[in-house]
Amino acid sequence: MFKSYHHFNILLIFIFIVSFRSTALAATGRDSIQAGADSAKNTRTGIAVKLLGKKIFSFYNSFGPFSASDRASSLEQKLLTFAEDPLFDFDSLRISTINNQVNIVYSSEVVTTISILDSISEQKSRVDIARFRLEKIREALQEVKKYHENGSIIKSLIFSVIILILFISILLLLNKLFNFARKKIDSWKDSPHQIFNFNNYEFINKDRQIKILHFILKVFRLLFNILLVVIALVFMFYLLPWTKFYTLQIIDFIIQPVRNFLHALWAYLPNFLSVCVILFITISINRLFRYLKHEVEREALNIPGFYPEWALPTYNIIRVIVWIFTIIVIWPYLPGSDSKIFQGISVFVGVLFSLTSASVLSNLMAGFTLTFTRAYKIGDRVKIGEITGEVVEKSMMVTKVKTIKNEEVTIPNSKIIGSEVMNYSSHTSGIGLILHTTVTIGYDAPWRTIHQLLINAALSTEGLLADPLPFVLQTSLDDFYISYQINAYTKEPARIAEIYSRLHQNIQDRFNEAGMEIMSPHYKAMRDGNTIAIPEEYRKKEG
(Lines give C-alpha, C1' and ligand atoms only; values in the text may rest on other atoms or scores of the structure.)
Protein backbone atom coordinates (compact mmCIF):
# COMPACT_ATOMS: atom_id res chain seq x y z
CA MET A 1 0.00 0.00 0.00
CA PHE A 2 2.86 2.37 0.93
CA LYS A 3 6.01 2.49 -1.17
CA SER A 4 8.31 2.63 1.86
CA TYR A 5 8.33 2.87 5.64
CA HIS A 6 9.10 6.60 5.31
CA HIS A 7 5.64 7.23 3.85
CA PHE A 8 4.12 5.14 6.60
CA ASN A 9 5.95 7.10 9.31
CA ILE A 10 4.88 10.45 7.85
CA LEU A 11 1.26 9.30 7.75
CA LEU A 12 1.55 8.00 11.31
CA ILE A 13 2.89 11.36 12.51
CA PHE A 14 0.08 13.23 10.77
CA ILE A 15 -2.61 10.97 12.25
CA PHE A 16 -1.24 11.38 15.79
CA ILE A 17 -0.95 15.16 15.49
CA VAL A 18 -4.48 15.51 14.16
CA SER A 19 -5.98 13.14 16.74
CA PHE A 20 -4.09 14.72 19.64
CA ARG A 21 -4.95 18.25 18.57
CA SER A 22 -8.59 17.31 18.08
CA THR A 23 -8.70 15.87 21.57
CA ALA A 24 -7.23 19.05 23.05
CA LEU A 25 -9.66 21.30 21.21
CA ALA A 26 -12.59 19.13 22.15
CA ALA A 27 -11.53 19.22 25.78
CA THR A 28 -11.37 23.02 25.73
CA GLY A 29 -14.81 23.42 24.13
CA ARG A 30 -17.23 25.64 25.92
CA ASP A 31 -20.31 23.47 25.44
CA SER A 32 -18.85 20.07 26.39
CA ILE A 33 -20.85 19.75 29.62
CA GLN A 34 -24.59 19.41 29.40
CA ALA A 35 -26.99 21.34 31.57
CA GLY A 36 -28.48 18.20 33.09
CA ALA A 37 -25.20 17.14 34.69
CA ASP A 38 -25.78 19.16 37.88
CA SER A 39 -26.59 16.10 40.02
CA ALA A 40 -25.56 14.80 43.40
CA LYS A 41 -22.29 13.60 41.84
CA ASN A 42 -21.48 17.15 40.64
CA THR A 43 -22.27 18.45 44.13
CA ARG A 44 -19.52 16.21 45.44
CA THR A 45 -16.91 16.65 42.70
CA GLY A 46 -17.84 20.03 41.24
CA ILE A 47 -17.63 21.42 37.70
CA ALA A 48 -14.17 22.82 37.07
CA VAL A 49 -13.59 26.28 35.57
CA LYS A 50 -10.56 26.13 33.26
CA LEU A 51 -8.51 28.68 31.41
CA LEU A 52 -6.51 27.24 28.53
CA GLY A 53 -6.88 23.81 30.06
CA LYS A 54 -5.76 24.72 33.57
CA LYS A 55 -8.23 24.39 36.44
CA ILE A 56 -8.92 27.57 38.45
CA PHE A 57 -11.67 26.48 40.84
CA SER A 58 -14.99 24.57 40.73
CA PHE A 59 -18.73 25.27 40.92
CA TYR A 60 -20.70 22.86 43.09
CA ASN A 61 -24.23 24.30 42.91
CA SER A 62 -26.66 25.90 40.53
CA PHE A 63 -27.68 29.55 40.75
CA GLY A 64 -31.23 30.37 39.77
CA PRO A 65 -31.97 28.80 36.38
CA PHE A 66 -28.25 28.24 35.70
CA SER A 67 -26.73 24.88 36.52
CA ALA A 68 -23.17 24.45 37.78
CA SER A 69 -22.01 23.55 34.26
CA ASP A 70 -23.73 26.67 32.84
CA ARG A 71 -21.99 28.87 35.38
CA ALA A 72 -18.61 27.29 34.60
CA SER A 73 -19.09 27.62 30.83
CA SER A 74 -20.18 31.27 31.08
CA LEU A 75 -17.23 32.20 33.30
CA GLU A 76 -14.76 30.45 30.97
CA GLN A 77 -16.01 32.50 28.02
CA LYS A 78 -15.61 35.76 29.96
CA LEU A 79 -12.08 34.82 31.10
CA LEU A 80 -11.05 34.02 27.52
CA THR A 81 -12.33 37.44 26.48
CA PHE A 82 -10.32 39.10 29.27
CA ALA A 83 -7.20 37.14 28.32
CA GLU A 84 -7.44 38.26 24.68
CA ASP A 85 -8.11 41.91 25.56
CA PRO A 86 -4.81 43.88 25.35
CA LEU A 87 -6.36 46.75 27.38
CA PHE A 88 -7.53 44.55 30.25
CA ASP A 89 -7.18 46.36 33.62
CA PHE A 90 -6.59 44.10 36.63
CA ASP A 91 -7.57 46.91 39.02
CA SER A 92 -11.09 46.93 37.57
CA LEU A 93 -11.53 43.29 38.61
CA ARG A 94 -12.93 43.45 42.14
CA ILE A 95 -15.57 42.21 44.63
CA SER A 96 -18.92 43.96 44.82
CA THR A 97 -21.61 43.53 47.49
CA ILE A 98 -24.96 44.99 46.48
CA ASN A 99 -28.42 44.12 47.81
CA ASN A 100 -27.06 41.22 49.88
CA GLN A 101 -25.42 39.72 46.78
CA VAL A 102 -21.69 39.07 46.56
CA ASN A 103 -20.34 39.39 43.00
CA ILE A 104 -17.00 39.48 41.26
CA VAL A 105 -17.23 42.29 38.71
CA TYR A 106 -15.10 43.85 36.01
CA SER A 107 -15.93 47.54 35.75
CA SER A 108 -19.71 47.36 35.85
CA GLU A 109 -20.03 43.85 34.40
CA VAL A 110 -20.82 40.96 36.71
CA VAL A 111 -18.26 38.18 36.12
CA THR A 112 -19.68 35.63 38.57
CA THR A 113 -21.94 35.53 41.61
CA ILE A 114 -21.34 33.69 44.91
CA SER A 115 -24.63 32.26 46.15
CA ILE A 116 -25.78 31.10 49.55
CA LEU A 117 -25.63 27.49 48.33
CA ASP A 118 -21.95 28.04 47.46
CA SER A 119 -21.34 29.16 51.01
CA ILE A 120 -23.16 26.14 52.44
CA SER A 121 -21.33 23.65 50.16
CA GLU A 122 -17.85 25.03 50.83
CA GLN A 123 -18.62 25.91 54.47
CA LYS A 124 -17.18 29.41 54.09
CA SER A 125 -18.64 32.87 54.00
CA ARG A 126 -19.56 34.28 50.60
CA VAL A 127 -16.97 37.05 50.97
CA ASP A 128 -14.17 34.56 51.70
CA ILE A 129 -15.21 32.49 48.69
CA ALA A 130 -15.27 35.63 46.53
CA ARG A 131 -11.78 36.61 47.67
CA PHE A 132 -10.43 33.13 46.94
CA ARG A 133 -12.00 33.01 43.47
CA LEU A 134 -10.90 36.54 42.64
CA GLU A 135 -7.31 35.66 43.57
CA LYS A 136 -7.40 32.51 41.41
CA ILE A 137 -8.87 34.42 38.45
CA ARG A 138 -6.18 37.11 38.68
CA GLU A 139 -3.40 34.50 38.89
CA ALA A 140 -4.70 32.66 35.83
CA LEU A 141 -5.13 35.85 33.78
CA GLN A 142 -1.68 37.15 34.81
CA GLU A 143 -0.08 33.87 33.78
CA VAL A 144 -1.73 34.01 30.35
CA LYS A 145 -0.87 37.71 29.90
CA LYS A 146 2.71 37.12 30.91
CA TYR A 147 2.97 34.23 28.52
CA HIS A 148 1.69 36.35 25.61
CA GLU A 149 3.78 39.41 26.46
CA ASN A 150 7.09 37.52 26.64
CA GLY A 151 6.62 35.90 23.27
CA SER A 152 6.55 32.47 24.87
CA ILE A 153 4.10 31.18 22.30
CA ILE A 154 6.56 31.80 19.49
CA LYS A 155 9.32 30.17 21.53
CA SER A 156 7.09 27.17 22.21
CA LEU A 157 6.29 26.83 18.52
CA ILE A 158 9.98 27.03 17.63
CA PHE A 159 10.85 24.36 20.21
CA SER A 160 7.99 22.22 18.96
CA VAL A 161 9.34 22.41 15.41
CA ILE A 162 12.82 21.49 16.69
CA ILE A 163 11.40 18.52 18.56
CA LEU A 164 9.49 17.45 15.45
CA ILE A 165 12.65 17.64 13.31
CA LEU A 166 14.64 15.73 15.93
CA PHE A 167 11.90 13.14 16.17
CA ILE A 168 11.78 12.60 12.41
CA SER A 169 15.59 12.27 12.32
CA ILE A 170 15.56 9.62 15.06
CA LEU A 171 12.70 7.84 13.33
CA LEU A 172 14.60 7.70 10.03
CA LEU A 173 17.72 6.46 11.81
CA LEU A 174 15.79 3.70 13.54
CA ASN A 175 14.19 2.70 10.26
CA LYS A 176 17.65 2.36 8.72
CA LEU A 177 18.72 0.16 11.61
CA PHE A 178 15.64 -2.01 11.19
CA ASN A 179 16.30 -2.28 7.43
CA PHE A 180 19.84 -3.40 8.22
CA ALA A 181 18.47 -6.00 10.65
CA ARG A 182 16.00 -7.21 8.00
CA LYS A 183 18.81 -7.71 5.47
CA LYS A 184 20.86 -9.51 8.13
CA ILE A 185 17.98 -11.92 8.75
CA ASP A 186 17.64 -12.54 5.00
CA SER A 187 21.35 -13.38 4.83
CA TRP A 188 20.79 -16.26 7.29
CA LYS A 189 18.93 -18.18 4.59
CA ASP A 190 22.25 -19.22 3.05
CA SER A 191 23.84 -20.01 6.42
CA PRO A 192 24.35 -23.73 7.22
CA HIS A 193 23.65 -23.09 10.92
CA GLN A 194 20.23 -23.34 12.49
CA ILE A 195 18.85 -20.38 14.40
CA PHE A 196 16.57 -22.28 16.79
CA ASN A 197 17.80 -25.77 17.64
CA PHE A 198 18.53 -27.84 20.69
CA ASN A 199 21.15 -30.59 20.60
CA ASN A 200 20.89 -30.68 16.80
CA TYR A 201 17.09 -31.00 17.02
CA GLU A 202 15.32 -28.67 14.60
CA PHE A 203 12.10 -27.34 16.09
CA ILE A 204 10.99 -25.63 12.88
CA ASN A 205 12.54 -25.37 9.43
CA LYS A 206 14.76 -22.48 8.46
CA ASP A 207 12.23 -20.73 6.18
CA ARG A 208 9.68 -20.57 8.97
CA GLN A 209 12.37 -19.38 11.37
CA ILE A 210 13.18 -16.51 8.98
CA LYS A 211 9.48 -15.59 8.78
CA ILE A 212 9.16 -15.58 12.57
CA LEU A 213 12.18 -13.29 12.91
CA HIS A 214 10.75 -10.93 10.28
CA PHE A 215 7.44 -10.82 12.15
CA ILE A 216 9.18 -10.07 15.47
CA LEU A 217 11.21 -7.34 13.78
CA LYS A 218 8.06 -5.75 12.32
CA VAL A 219 6.35 -5.79 15.73
CA PHE A 220 9.33 -4.10 17.40
CA ARG A 221 9.51 -1.57 14.56
CA LEU A 222 5.87 -0.63 14.96
CA LEU A 223 6.16 -0.40 18.76
CA PHE A 224 9.25 1.84 18.53
CA ASN A 225 7.53 4.10 16.00
CA ILE A 226 4.43 4.49 18.15
CA LEU A 227 6.55 5.09 21.26
CA LEU A 228 8.55 7.81 19.50
CA VAL A 229 5.39 9.48 18.20
CA VAL A 230 3.85 9.52 21.69
CA ILE A 231 7.02 10.95 23.27
CA ALA A 232 7.34 13.63 20.58
CA LEU A 233 3.70 14.66 20.89
CA VAL A 234 3.93 14.86 24.67
CA PHE A 235 6.95 17.18 24.48
CA MET A 236 5.44 19.30 21.70
CA PHE A 237 2.07 19.84 23.34
CA TYR A 238 3.61 20.38 26.76
CA LEU A 239 5.28 23.50 25.40
CA LEU A 240 1.98 24.98 24.15
CA PRO A 241 -0.16 26.83 26.73
CA TRP A 242 -3.45 25.54 25.30
CA THR A 243 -2.49 21.89 25.67
CA LYS A 244 -0.01 21.90 28.55
CA PHE A 245 -2.62 21.04 31.15
CA TYR A 246 -4.02 18.14 29.09
CA THR A 247 -0.50 16.88 28.42
CA LEU A 248 0.12 16.77 32.15
CA GLN A 249 -3.12 14.92 32.60
CA ILE A 250 -2.15 12.34 29.97
CA ILE A 251 1.26 11.89 31.59
CA ASP A 252 -0.47 11.44 34.93
CA PHE A 253 -2.82 8.85 33.40
CA ILE A 254 0.24 6.90 32.27
CA ILE A 255 2.29 7.33 35.43
CA GLN A 256 -0.52 6.93 37.96
CA PRO A 257 -1.03 3.16 37.42
CA VAL A 258 2.72 2.61 37.68
CA ARG A 259 2.86 4.75 40.82
CA ASN A 260 -0.07 2.87 42.34
CA PHE A 261 1.55 -0.44 41.53
CA LEU A 262 4.85 0.60 43.10
CA HIS A 263 3.08 1.90 46.21
CA ALA A 264 1.09 -1.34 46.51
CA LEU A 265 4.29 -3.34 45.99
CA TRP A 266 6.09 -1.36 48.67
CA ALA A 267 3.18 -1.80 51.08
CA TYR A 268 3.10 -5.53 50.34
CA LEU A 269 6.86 -5.95 50.83
CA PRO A 270 6.66 -7.07 54.54
CA ASN A 271 4.04 -9.70 53.67
CA PHE A 272 6.09 -10.74 50.66
CA LEU A 273 9.14 -11.30 52.85
CA SER A 274 7.01 -13.36 55.24
CA VAL A 275 5.80 -15.50 52.34
CA CYS A 276 9.40 -15.95 51.12
CA VAL A 277 10.53 -17.11 54.59
CA ILE A 278 7.63 -19.58 54.85
CA LEU A 279 8.32 -20.94 51.35
CA PHE A 280 12.03 -21.28 52.15
CA ILE A 281 11.24 -23.32 55.25
CA THR A 282 8.76 -25.46 53.29
CA ILE A 283 11.22 -26.16 50.48
CA SER A 284 13.94 -27.02 53.00
CA ILE A 285 11.65 -29.49 54.79
CA ASN A 286 10.67 -31.10 51.46
CA ARG A 287 14.31 -31.44 50.46
CA LEU A 288 15.12 -33.10 53.77
CA PHE A 289 12.33 -35.66 53.35
CA ARG A 290 13.30 -36.21 49.70
CA TYR A 291 16.86 -36.99 50.80
CA LEU A 292 15.54 -39.45 53.40
CA LYS A 293 13.33 -41.03 50.71
CA HIS A 294 16.34 -41.64 48.45
CA GLU A 295 18.31 -43.11 51.33
CA VAL A 296 15.50 -45.50 52.24
CA GLU A 297 14.92 -46.49 48.59
CA ARG A 298 18.54 -47.48 48.06
CA GLU A 299 18.47 -49.22 51.50
CA ALA A 300 21.27 -47.05 52.88
CA LEU A 301 18.93 -46.10 55.73
CA ASN A 302 17.14 -49.03 57.38
CA ILE A 303 14.13 -48.30 59.55
CA PRO A 304 12.75 -51.34 61.40
CA GLY A 305 9.33 -52.28 60.03
CA PHE A 306 9.59 -49.78 57.17
CA TYR A 307 10.04 -51.23 53.67
CA PRO A 308 11.87 -49.43 50.81
CA GLU A 309 8.77 -49.45 48.57
CA TRP A 310 6.98 -47.37 51.20
CA ALA A 311 9.45 -44.49 50.81
CA LEU A 312 7.89 -42.83 47.74
CA PRO A 313 4.20 -42.87 48.83
CA THR A 314 5.17 -41.79 52.34
CA TYR A 315 7.18 -38.90 50.91
CA ASN A 316 4.24 -37.90 48.69
CA ILE A 317 1.87 -37.91 51.68
CA ILE A 318 4.24 -35.80 53.77
CA ARG A 319 4.84 -33.40 50.89
CA VAL A 320 1.11 -32.86 50.33
CA ILE A 321 0.51 -32.30 54.06
CA VAL A 322 3.42 -29.83 54.28
CA TRP A 323 2.21 -27.85 51.25
CA ILE A 324 -1.39 -27.76 52.50
CA PHE A 325 -0.18 -26.44 55.83
CA THR A 326 2.03 -23.91 54.00
CA ILE A 327 -0.91 -22.65 51.92
CA ILE A 328 -3.01 -22.25 55.07
CA VAL A 329 -0.22 -20.24 56.72
CA ILE A 330 0.57 -17.94 53.79
CA TRP A 331 -3.08 -17.43 52.77
CA PRO A 332 -3.56 -14.27 54.92
CA TYR A 333 -0.37 -12.79 53.43
CA LEU A 334 -1.56 -13.08 49.82
CA PRO A 335 -2.72 -9.83 48.16
CA GLY A 336 -6.49 -9.66 47.89
CA SER A 337 -7.04 -12.71 50.09
CA ASP A 338 -9.66 -10.79 52.11
CA SER A 339 -11.59 -9.60 49.06
CA LYS A 340 -15.04 -10.99 48.33
CA ILE A 341 -14.04 -12.03 44.78
CA PHE A 342 -11.03 -13.98 46.05
CA GLN A 343 -13.14 -15.69 48.69
CA GLY A 344 -15.88 -16.47 46.19
CA ILE A 345 -13.44 -18.08 43.78
CA SER A 346 -11.96 -20.11 46.64
CA VAL A 347 -15.39 -21.39 47.66
CA PHE A 348 -16.24 -22.21 44.03
CA VAL A 349 -13.01 -24.17 43.57
CA GLY A 350 -13.62 -26.02 46.84
CA VAL A 351 -17.17 -26.99 45.86
CA LEU A 352 -16.04 -28.03 42.38
CA PHE A 353 -13.26 -30.17 43.84
CA SER A 354 -15.58 -31.84 46.36
CA LEU A 355 -18.17 -32.69 43.67
CA THR A 356 -15.70 -34.12 41.15
CA SER A 357 -13.09 -35.77 43.36
CA ALA A 358 -15.07 -38.60 45.03
CA SER A 359 -13.80 -41.31 42.66
CA VAL A 360 -10.35 -39.73 42.54
CA LEU A 361 -10.02 -39.75 46.33
CA SER A 362 -11.35 -43.31 46.44
CA ASN A 363 -8.67 -44.47 44.01
CA LEU A 364 -5.98 -42.50 45.86
CA MET A 365 -6.86 -44.05 49.21
CA ALA A 366 -6.99 -47.50 47.60
CA GLY A 367 -3.56 -46.85 46.04
CA PHE A 368 -2.07 -45.97 49.42
CA THR A 369 -3.68 -49.05 50.98
CA LEU A 370 -2.27 -51.36 48.28
CA THR A 371 1.17 -49.81 48.67
CA PHE A 372 1.38 -50.11 52.43
CA THR A 373 -0.09 -53.65 52.46
CA ARG A 374 2.57 -54.63 49.89
CA ALA A 375 0.02 -56.61 47.88
CA TYR A 376 2.25 -56.54 44.78
CA LYS A 377 4.98 -54.56 43.09
CA ILE A 378 6.00 -53.86 39.51
CA GLY A 379 7.11 -57.05 37.75
CA ASP A 380 5.03 -59.41 39.90
CA ARG A 381 2.83 -62.05 38.32
CA VAL A 382 -0.62 -61.53 39.82
CA LYS A 383 -4.23 -62.51 39.42
CA ILE A 384 -6.73 -59.73 40.13
CA GLY A 385 -10.28 -60.95 39.81
CA GLU A 386 -10.38 -62.72 36.45
CA ILE A 387 -7.27 -60.98 35.09
CA THR A 388 -3.89 -62.70 35.27
CA GLY A 389 -0.66 -61.09 34.14
CA GLU A 390 2.43 -59.10 35.02
CA VAL A 391 2.21 -55.74 36.83
CA VAL A 392 3.81 -53.18 34.47
CA GLU A 393 2.71 -49.95 36.14
CA LYS A 394 1.57 -49.08 39.63
CA SER A 395 0.33 -45.62 40.61
CA MET A 396 -1.90 -44.07 43.24
CA MET A 397 -4.82 -44.13 40.83
CA VAL A 398 -4.61 -47.29 38.70
CA THR A 399 -2.64 -50.50 38.19
CA LYS A 400 -1.71 -51.73 34.71
CA VAL A 401 -1.37 -55.48 34.09
CA LYS A 402 -0.02 -57.14 30.93
CA THR A 403 -1.68 -60.51 30.34
CA ILE A 404 -0.08 -63.60 28.78
CA LYS A 405 -1.81 -62.57 25.53
CA ASN A 406 0.18 -59.30 25.59
CA GLU A 407 -2.93 -57.29 26.50
CA GLU A 408 -2.54 -54.29 28.81
CA VAL A 409 -5.42 -53.99 31.26
CA THR A 410 -5.88 -50.83 33.37
CA ILE A 411 -7.60 -51.53 36.68
CA PRO A 412 -8.74 -48.74 39.06
CA ASN A 413 -7.27 -49.20 42.51
CA SER A 414 -10.69 -48.85 44.14
CA LYS A 415 -11.82 -51.94 42.21
CA ILE A 416 -8.73 -53.91 43.30
CA ILE A 417 -9.51 -53.21 46.96
CA GLY A 418 -12.89 -54.90 46.52
CA SER A 419 -11.51 -58.05 44.88
CA GLU A 420 -9.04 -60.83 45.68
CA VAL A 421 -5.41 -60.38 44.66
CA MET A 422 -3.30 -63.50 44.08
CA ASN A 423 0.45 -62.82 43.88
CA TYR A 424 2.49 -65.60 42.27
CA SER A 425 5.82 -63.80 42.70
CA SER A 426 5.89 -62.85 46.37
CA HIS A 427 7.71 -66.05 47.56
CA THR A 428 9.72 -66.98 44.49
CA SER A 429 12.87 -65.58 46.11
CA GLY A 430 12.57 -68.26 48.82
CA ILE A 431 11.53 -71.88 48.38
CA GLY A 432 9.54 -71.03 45.27
CA LEU A 433 6.00 -71.20 43.93
CA ILE A 434 4.21 -74.58 43.83
CA LEU A 435 2.51 -75.44 40.53
CA HIS A 436 0.06 -78.31 40.60
CA THR A 437 -2.20 -80.22 38.27
CA THR A 438 -4.53 -83.22 38.77
CA VAL A 439 -5.02 -86.47 36.81
CA THR A 440 -7.65 -89.17 37.46
CA ILE A 441 -6.61 -92.81 37.21
CA GLY A 442 -8.67 -95.98 37.78
CA TYR A 443 -8.39 -98.20 40.84
CA ASP A 444 -6.74 -100.97 38.83
CA ALA A 445 -3.50 -98.93 38.43
CA PRO A 446 -0.94 -99.23 41.29
CA TRP A 447 -0.70 -95.92 43.07
CA ARG A 448 3.09 -96.13 43.66
CA THR A 449 3.64 -96.40 39.91
CA ILE A 450 1.34 -93.42 39.29
CA HIS A 451 3.30 -91.34 41.83
CA GLN A 452 6.61 -92.14 40.17
CA LEU A 453 5.30 -91.38 36.67
CA LEU A 454 4.00 -87.98 37.78
CA ILE A 455 7.26 -87.12 39.59
CA ASN A 456 9.30 -88.15 36.55
CA ALA A 457 7.10 -85.95 34.33
CA ALA A 458 7.66 -82.97 36.66
CA LEU A 459 11.44 -83.54 36.82
CA SER A 460 11.66 -83.58 33.02
CA THR A 461 9.73 -80.28 32.72
CA GLU A 462 11.84 -77.17 32.07
CA GLY A 463 11.20 -74.48 34.68
CA LEU A 464 10.33 -76.87 37.53
CA LEU A 465 12.87 -77.43 40.31
CA ALA A 466 14.39 -80.82 41.23
CA ASP A 467 15.13 -79.46 44.72
CA PRO A 468 12.82 -79.41 46.58
CA LEU A 469 11.64 -82.68 45.04
CA PRO A 470 8.17 -82.74 43.43
CA PHE A 471 5.54 -84.65 45.39
CA VAL A 472 2.13 -86.22 44.73
CA LEU A 473 -1.06 -85.89 46.76
CA GLN A 474 -4.06 -88.20 46.35
CA THR A 475 -6.81 -85.64 46.76
CA SER A 476 -9.89 -87.88 46.44
CA LEU A 477 -11.15 -91.48 46.17
CA ASP A 478 -14.11 -91.25 43.83
CA ASP A 479 -16.49 -93.99 42.62
CA PHE A 480 -14.57 -94.87 39.47
CA TYR A 481 -11.14 -93.26 39.84
CA ILE A 482 -8.55 -91.76 42.13
CA SER A 483 -7.45 -88.09 41.83
CA TYR A 484 -3.64 -87.68 41.84
CA GLN A 485 -2.22 -84.15 42.21
CA ILE A 486 1.39 -83.52 41.20
CA ASN A 487 3.07 -80.56 43.01
CA ALA A 488 6.36 -79.06 41.84
CA TYR A 489 8.35 -75.92 42.70
CA THR A 490 9.32 -73.10 40.33
CA LYS A 491 10.99 -69.70 40.58
CA GLU A 492 9.76 -68.45 37.23
CA PRO A 493 6.19 -67.22 37.77
CA ALA A 494 6.27 -65.30 34.50
CA ARG A 495 6.35 -68.68 32.62
CA ILE A 496 3.46 -70.34 34.47
CA ALA A 497 1.36 -70.92 31.36
CA GLU A 498 4.31 -72.34 29.41
CA ILE A 499 5.42 -74.56 32.33
CA TYR A 500 1.91 -75.98 32.78
CA SER A 501 1.71 -76.77 29.08
CA ARG A 502 5.07 -78.65 29.12
CA LEU A 503 4.12 -80.47 32.35
CA HIS A 504 0.90 -81.76 30.80
CA GLN A 505 2.80 -82.88 27.71
CA ASN A 506 5.34 -84.77 29.82
CA ILE A 507 2.59 -86.42 31.90
CA GLN A 508 0.98 -87.72 28.71
CA ASP A 509 4.31 -89.01 27.45
CA ARG A 510 5.24 -90.78 30.70
CA PHE A 511 1.86 -92.48 31.06
CA ASN A 512 1.76 -93.51 27.41
CA GLU A 513 5.27 -94.93 27.67
CA ALA A 514 4.19 -96.95 30.72
CA GLY A 515 1.06 -98.18 28.93
CA MET A 516 -1.34 -96.58 31.40
CA GLU A 517 -4.54 -94.80 30.52
CA ILE A 518 -5.49 -91.34 31.82
CA MET A 519 -9.24 -91.89 31.89
CA SER A 520 -11.81 -89.10 31.80
CA PRO A 521 -14.37 -89.34 34.58
CA HIS A 522 -17.12 -89.83 31.95
CA TYR A 523 -15.17 -92.26 29.79
CA LYS A 524 -16.78 -95.71 29.46
CA ALA A 525 -15.33 -98.67 27.57
CA MET A 526 -16.16 -102.33 27.18
CA ARG A 527 -12.99 -104.42 27.64
CA ASP A 528 -14.28 -107.40 25.70
CA GLY A 529 -11.22 -107.54 23.48
CA ASN A 530 -11.15 -103.78 22.83
CA THR A 531 -7.76 -102.07 22.56
CA ILE A 532 -6.29 -100.01 25.34
CA ALA A 533 -6.96 -96.20 25.22
CA ILE A 534 -3.42 -95.04 24.45
CA PRO A 535 -1.83 -93.88 21.16
CA GLU A 536 -1.07 -96.66 18.63
CA GLU A 537 2.68 -96.05 18.61
CA TYR A 538 2.86 -96.85 22.30
CA ARG A 539 0.68 -100.00 21.82
CA LYS A 540 3.21 -101.31 19.30
CA LYS A 541 5.98 -100.86 21.86
CA GLU A 542 3.91 -102.80 24.40
CA GLY A 543 3.32 -105.61 21.93
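Keep in mind that the numbers below use all heavy atoms, side chains included, and drop hydrogens, waters and symmetry copies.
Under the 4.5 Å side-chain criterion, counting only non-hydrogen atoms from C-beta, Gln505 is not in contact with Ser460. The side-chain heavy atoms of Ile482 and Trp447, taken from C-beta on, include no pair separated by under 4.5 Å.
Between Leu171 atom CG and Leu228 atom CG the span is 6.0 Å, to the nearest 0.5 Å. In this structure, NE2 in His504 is found 10.0 Å from CD1 in Ile518, a value given to the nearest 0.5 Å. The CD1 atom of Ile486 lies 10.5 Å from the CG atom of Leu453; values are rounded to the nearest 0.5 Å. Atom NZ of Lys211 and atom CD1 of Ile185 lie 14.0 Å apart (nearest 0.5 Å). In this structure, CD1 in Ile450 is found 14.0 Å from CZ in Arg510, a value given to the nearest 0.5 Å. Note that the CZ atom of Arg221 and the CG atom of Leu177 stand 10.0 Å from one another [nearest 0.5 Å].
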I'd like a table of donor-acceptor pairs (distance under 3.5 Å, sequence neighbours excluded) in which one partner is a side-chain atom from residues 320-327, with atom names and distances.
| residue | atom | partner | partner atom | Å |
| --- | --- | --- | --- | --- |
| Thr326 | OG1 | Thr282 | OG1 | 2.7 |
| Thr326 | OG1 | Val322 | O | 2.7 |

Would you give me the side-chain donor-acceptor pairs under 3.5 Å for residues 378-390, sequence neighbours excluded?
| residue | atom | partner | partner atom | Å |
| --- | --- | --- | --- | --- |
| Asp380 | OD2 | Lys377 | N | 3.0 |
| Asp380 | OD2 | Asn423 | ND2 | 3.1 |
| Arg381 | NH2 | Ala494 | O | 3.0 |

Tell me which donor-acceptor pairs under 3.5 Å the side chains of residues 288-296 have, and how far apart each pair is, sequence neighbours excluded?
| residue | atom | partner | partner atom | Å |
| --- | --- | --- | --- | --- |
| Glu295 | OE1 | Arg298 | NH2 | 3.0 |
| Glu295 | OE2 | Arg298 | NE | 3.2 |
| Glu295 | OE2 | Arg298 | NH2 | 3.1 |

Exercise for the section: Please step through side chain to side chain contact (heavy atoms under 4.5 Å, CB included) for the pair Lys218 and Arg182, ending with a clear verdict. Expected result: CA-CA 9 Å; Lys218 288 180 180 178; Arg182 179 174 54 83; over 6 Å; no
Exercise for the section: Carefully, step by step, assess Ile441 and Tyr484 under the rule side chain to side chain contact (heavy atoms under 4.5 Å, CB included). Expected result: CA-CA 8 Å; Ile441 308 296; Tyr484 296 90; 3.7 Å; yes
Problem - Steps toward side chain to side chain contact (heavy atoms under 4.5 Å, CB included) verdict (Leu435, Leu503) - result: CA-CA 10 Å; Leu435 301 185; Leu503 176 61; 5.7 Å; no
Exercise for the section: Take Gln452 and Asn456 through the side chain to side chain donor-acceptor pair (under 3.5 Å) test and state the conclusion after the steps. Expected result: CA-CA 6 Å; Gln452 191 61 47; Asn456 291 338; 2.9 Å; yes
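Legend: residues meeting ring-ring contact (aromatic ring centres under 6.0 Å, His included) with Tyr376, ordered by chain and number and at least two apart, are absent. Every residue two or more places apart in sequence or in another chain that forms a side chain to side chain donor-acceptor pair (under 3.5 Å) with Asn316 is listed here: Arg319. The side-chain contact (heavy atoms from CB on, under 4.5 Å) check on Gln485 picks up His436, Thr438, Leu473, Thr475, Asn487, with sequence neighbours excluded. Listed by chain and number, the residues in a side-chain contact (heavy atoms from CB on, under 4.5 Å) with Val258 are Leu262 (sequence neighbours excluded). Under the side-chain contact (heavy atoms from CB on, under 4.5 Å) criterion, Ser284 pairs with Phe280, sequence neighbours left out. When the side-chain contact (heavy atoms from CB on, under 4.5 Å) test is applied to Lys183, no partner is found at least two apart in sequence or on another chain.
Side chain of Ser476 to main chain of Asp478: no donor-acceptor pair is present (N/O by atom type, distance under 3.5 Å, no hydrogens or angles).
Closest approach of Pro270 and Ala267 over heavy atoms only: CD-O, 3.4 Å. The nearest pair of heavy atoms linking Leu459 to Pro470 is CD2-CD, 3.6 Å. Counting all heavy atoms, side chain and backbone alike, Gly463 lies closest to Thr490 at O-OG1, 2.7 Å. Heavy-atom minimum distance, Leu433 versus Pro493: CD2-CB, 4.4 Å.
Among pairs with a residue in residues 445-472, those fulfilling salt bridge (charged side-chain N to carboxylate O under 4.0 Å, His left out) read Glu462-Arg495, at least two apart in sequence or across chains. Every pair tested for salt bridge (charged side-chain N to carboxylate O under 4.0 Å, His left out) that includes a residue from residues 481-491 fails, sequence neighbours excluded, so the list is empty. Applying the side-chain hydrogen bond (donor to acceptor under 3.5 Å, both in side chains) rule to pairs touching residues 264-273 yields nothing, sequence neighbours excluded.
For the side chain to side chain contact (heavy atoms under 4.5 Å, CB included) with Tyr489, the lone residue among Ile434, Leu469, Leu464 that qualifies is Ile434.
By the 6.0 Å contact criterion, CZ on Phe220 is open, its count of non-hydrogen atoms from other residues, nucleotides or ligands being 12 or less. Atom CZ of Phe224 sits in a sparse spot, with 12 or fewer heavy atoms from other residues, nucleotides or ligands closer than 6.0 Å.
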